[in-house]
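Reading through the structure tokens given below for one structure.
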Protein chains: 2
Amino acid sequence: MNTRFAVATHILTFLQTQDGRPATSELVASSVSTNPTLIRRLLSQLAKAGLTTSQMGTGGGALLARPGNRITLLDVHRAVDEDSTIFPLHQEPNPQCPVGRQINGVLRSHLSDVEKAMEAELARTTIADMAQDVSKANLAR
Amino acid sequence: MNTRFAVATHILTFLQTQDGRPATSELVASSVSTNPTLIRRLLSQLAKAGLTTSQMGTGGGALLARPGNRITLLDVHRAVDEDSTIFPLHQEPNPQCPVGRQINGVLRSHLSDVEKAMEAELARTTIADMAQDVSKANLAR
DNA sequence: GTATATGTGACCGTATTAGTTACATACTTG
DNA sequence: CAAGTATGTAACTAATACGGTCACATATAC
């Protein structure tokens, strides 16, 4: 797996704390400790998923497309990990073998339940929750 | 993620259907459609986790170390995906930034819940279940 | 002793990943 | 309109991970 989910969540949480002020990719990149281009690429994906909007030009930058309490970690996962399955199947087991012939179908059905459980849990946390947790953690020290 | 979990589950399900007869890595490899070495490496990991045993020499091969109804997909996951997290964090966000400073701790705590949900679901399916599902699927056609 | 089978180190080609450079496009401000 | 600023994206790179393969030492059965 890659760290795109973690970075994307970081970005959105950051935008939430900006409270309506557009954040440039450079500003966000400095919080994440990475390259502005990488941030822009992720922001582009998040925008396509309808989670953020961006304004070009002076004073521009990225904004949450809707309130943080209506963006869940599941939304982030779907936006950013679109076509990467958690537990990929292996391809083309031996169709001559009774096990090889059926294993992927059986496995897929069980893994689909696993994914559902995971998604339900992801959906329980919003970007607003994240921002609040971060702010609490900052007060605690 | 990689396909080790899928292949390992395939191996164990295959062993379950062998019903006590040792299976050589070559036999298993032919069911999975891959290389015996790859199977042996996975079997080695499964053996270390206490899920299988192996016998060298003529008539040897791999066996389940305990009944298939006492081996869950969670056991398999733990045995083969040991040190690969589903959602890795990104390293060293900016400690000068209020968000960067806390994001990984907050994220880790939520992701830990996600992982727990996933593991609970994985634990609900045993290798015996898998073998039975496979055999049912074979009858159905 | 011979045949068989595991266990593991070493290696290879490919794909993925994070990171970077470069630049066309779009918007704001004066 | 001109200058400055910021996004969006293509192209490239180095590092890593992955599946697959070969080779061979080790252990077991007959």
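Here is how names work: the chains are called A, B, and so on, in the same order as the sequence lines, proteins then strands, and each is numbered from 1.
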- [ ] List the steps, then state whether side-chain contact (heavy atoms from CB on, under 4.5 Å) holds for B:Met118 with B:His77.
- [x] CA-CA 11 Å; B:Met118 194 194 70; B:His77 171 56; 3.8 Å; yes

Open item on the list: Could you walk me through whether A:Ile71 and A:Thr126 satisfy the side-chain contact (heavy atoms from CB on, under 4.5 Å) test, starting with their C-alpha distance in whole Å, then the side-chain angles of each, then the deciding distance to 0.1 Å, before giving a yes or no?
Closed with: CA-CA 5 Å; A:Ile71 301 178; A:Thr126 68; over 6 Å; no

Open item on the list: Let's go through B:Glu121 and A:Lys116 carefully: what are the C-alpha distance in whole Å and the side-chain angles of both, what is the deciding distance for salt bridge (Lys or Arg N to Asp or Glu O under 4.0 Å) to 0.1 Å, and is it a yes or a no?
Closed with: CA-CA 9 Å; B:Glu121 192 63 35; A:Lys116 268 178 204 138; over 6 Å; no

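Within residues 55-63 of chain B, the residues approaching DNA chain D are B:Met56, B:Gly57, B:Thr58, by heavy-atom distance under 4.0 Å. Within residues 35-46 of chain A, the residues approached by DNA chain D to less than 4.0 Å at the level of any non-hydrogen atom are A:Thr37, A:Arg40, A:Arg41, A:Ser44, in residue-number order.
Side-chain atoms of B:Ser135 and B:Asn138 form no donor-acceptor pair, as typed in the model, at a separation below 3.5 Å. Using a 3.5 Å distance cut-off with no hydrogens or angles, the side chains of A:Ser31 and A:His10 do pair a donor with an acceptor. A side-chain donor-acceptor contact under 3.5 Å links B:Asp133 and A:His110.
Contact annotation: B:Thr24 does not reach the phosphate of C:dT6 (side-chain N/O to OP1 or OP2, under 4.0 Å). Listed pair A:Thr34 / C:dG19 meets the phosphate criterion, a side-chain N or O lying under 4.0 Å from OP1 or OP2. The shortest distance between the side-chain N/O atoms of B:Ser25 and the OP1/OP2 oxygens of C:dT6 is below 4.0 Å.
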Donor-acceptor list for residues 41-67 of chain A side chains, cut-off 3.5 Å, not counting sequence neighbours:
from    : atom 1 : to      : atom 2 : distance (Å)
A:Gln45 : NE2    : A:Ala79 : O      : 3.3
A:Thr52 : OG1    : A:Ala47 : N      : 3.3
A:Arg66 : NE     : A:Arg70 : O      : 2.7
A:Arg66 : NH2    : A:Arg70 : O      : 3.2
A:Arg66 : NH2    : A:Asp75 : OD2    : 3.3

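Residue B:Ile11 contributes atom CD1, which lies 12 Å from atom P of D:dG19 at whole-angstrom precision. Going from atom CE of A:Met1 over to atom C1' of C:dT16 covers 13 Å, rounded to whole Å. Rounded to whole Å, the distance from NZ on B:Lys48 to C1' on C:dG7 is 9 Å. Distance CZ (A:Phe5) to P (C:dT17): 16 Å, rounded to an integer number of Å. Put simply, NE2 on B:His10 is 15 Å from P on D:dG19, counting in whole angstrom units. Between the P atom of D:dG20 and the CZ atom of B:Arg4 lies a distance of 12 Å, rounded to the nearest Å.
Distance CD/A:Gln91 to OG/B:Ser33: 9.5 Å, rounded to 0.5 Å.
Side chain of A:Thr9 to main chain of A:Phe5: a donor-acceptor pair is present (N/O by atom type, distance under 3.5 Å, no hydrogens or angles).
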